[in-house]
Amino acid sequence: MRPDPDHGRPPNALAQGPPGAAAGALAPATPTTRRLAAHSVSANTRAAYRCALRQFDTWRGAAPATDATLAAYLGFVFEQGRAPATAALGVAAVTFRATLAGTPVRGPQTDRVLAGFRRDGAERGRGQAAPLTADGLAAILAAAAAGLPGRLTAHSGRVGLASELTARGASTTAVMLAGAWKTARMVAHYSAGATAELGAVARYL
């Protein structure tokens, strides 16, 4: 079996071509061309690509990254009930990495399966959020509680919102609007810890 030049490279190696001839795609490279190439996609896109590549590489294991492999992966993603947007992101990530490496992967099989995915999965999406029952909330709190200090309750999220916003410098009015609090007294109560910490920091700066 022909070795796969793409397999074995870390999933986050998005902007690194393989050593040798393929690296000459930007030759003669200058600081400007390297900077522009690095900025060809946003930081958020890079993060999404890394996640998609990890999933693809985990699924394929030692199988080579080919058009047929990518098409088969789309079938797997479809069976998992994922939306077309997820499939398209995976194809884009694999295509981007393969293009940088000079070893194109996407082909007619991938294109046909992706088109079918979009048609048959057109109704898929985030949809309505699943209901959170009392039992479900109890299970979540039991798992959040692992290794976390203090007593966690269903109200901890609102307390955390007030504390976090205050710690980040938000005004009392802004915190009230964000948490739908009617009085500044409640905001002051929930964010007391963050306010104390800010005061301590201010004394030493």
Side-chain angles (χ1 to χ4, degrees), residues 1-130 140 143-144 146-147 164-165 167-169:
M1 179 180 295
R2 182 175 62 86
D4 174 24
D6 193 37
H7 181 64
R9 299 176 66 225
N12 62 351
L14 295 178
Q16 299 176 4
L26 293 177
T30 67
T32 298
T33 57
R34 285 193 292 269
R35 176 177 60 82
L36 293 176
H39 292 172
S40 61
V41 294
S42 69
N44 288 338
T45 299
R46 286 180 178 275
Y49 279 6
R50 291 188 184 102
C51 181
L53 288 171
R54 280 195 297 268
Q55 295 174 2
F56 173 67
D57 289 337
T58 299
W59 173 84
R60 70 177 175 126
T66 65
D67 182 29
T69 303
L70 184 53
Y73 175 67
L74 292 180
F76 166 77
V77 174
F78 185 87
E79 292 173 350
Q80 299 301 303
R82 308 303 296 275
T86 301
L89 175 63
V91 170
V94 173
T95 300
F96 182 73
R97 182 175 65 180
T99 300
L100 289 180
T103 56
V105 170
R106 183 172 181 174
Q109 293 188 61
T110 297
D111 290 340
R112 290 188 63 184
V113 174
L114 181 58
F117 196 126
R118 285 170 169 156
R119 180 180 296 275
D120 290 357
E123 300 301 321
R124 295 181 179 182
R126 293 188 177 181
Q128 181 176 342
I140 291 175
E164 185 72 14
L165 290 177
R168 292 176 181 240

- Note on the structure: Rounded to the nearest 0.5 Å, the CG atom of Leu74 sits from the CG atom of Asp111 at a distance of 10.0 Å

- Heavy-atom side-chain proximity of Tyr49 to Val94 below 4.5 angstrom: no

- Residues Ala52 and Ala93: closest non-hydrogen pair is CB-CB, 3.9 Å

- Item | Which atom of Val105 lies closest to which atom of Ala65, heavy atoms considered | CG2-O, 3.5 Å

- Message: What's the separation between atom CH2 in Trp59 and atom CG in Leu70, rounded to the nearest 0.5 Å?
- Response: 8.5 Å

- Item | Heavy-atom check, side chain of Val77 versus side chain of Gln55, under 4.5 Å | no

- With rounding to the nearest 0.5 Å, note down the distance linking CZ in Arg124 to CZ in Phe117. 5.5 Å

- Message: Which residues pass the salt bridge (Lys or Arg N to Asp or Glu O under 4.0 Å) test with Arg82, not counting sequence neighbours?
- Response: none

- Message: Measuring only between side-chain heavy atoms, which start at C-beta, is Phe56 closer than 4.5 Å to Thr69?
- Response: yes

- Is there a side-chain contact between Asp57 and Arg97, using heavy atoms and a 4.5 Å cut-off? yes

- Message: Nearest 0.5 Å, please: how far is CZ in Arg106 from CG in Leu114?
- Response: 6.0 Å

- Item | CG on Leu53 to CG on Leu89, rounded to 0.5 Å | 8.5 Å

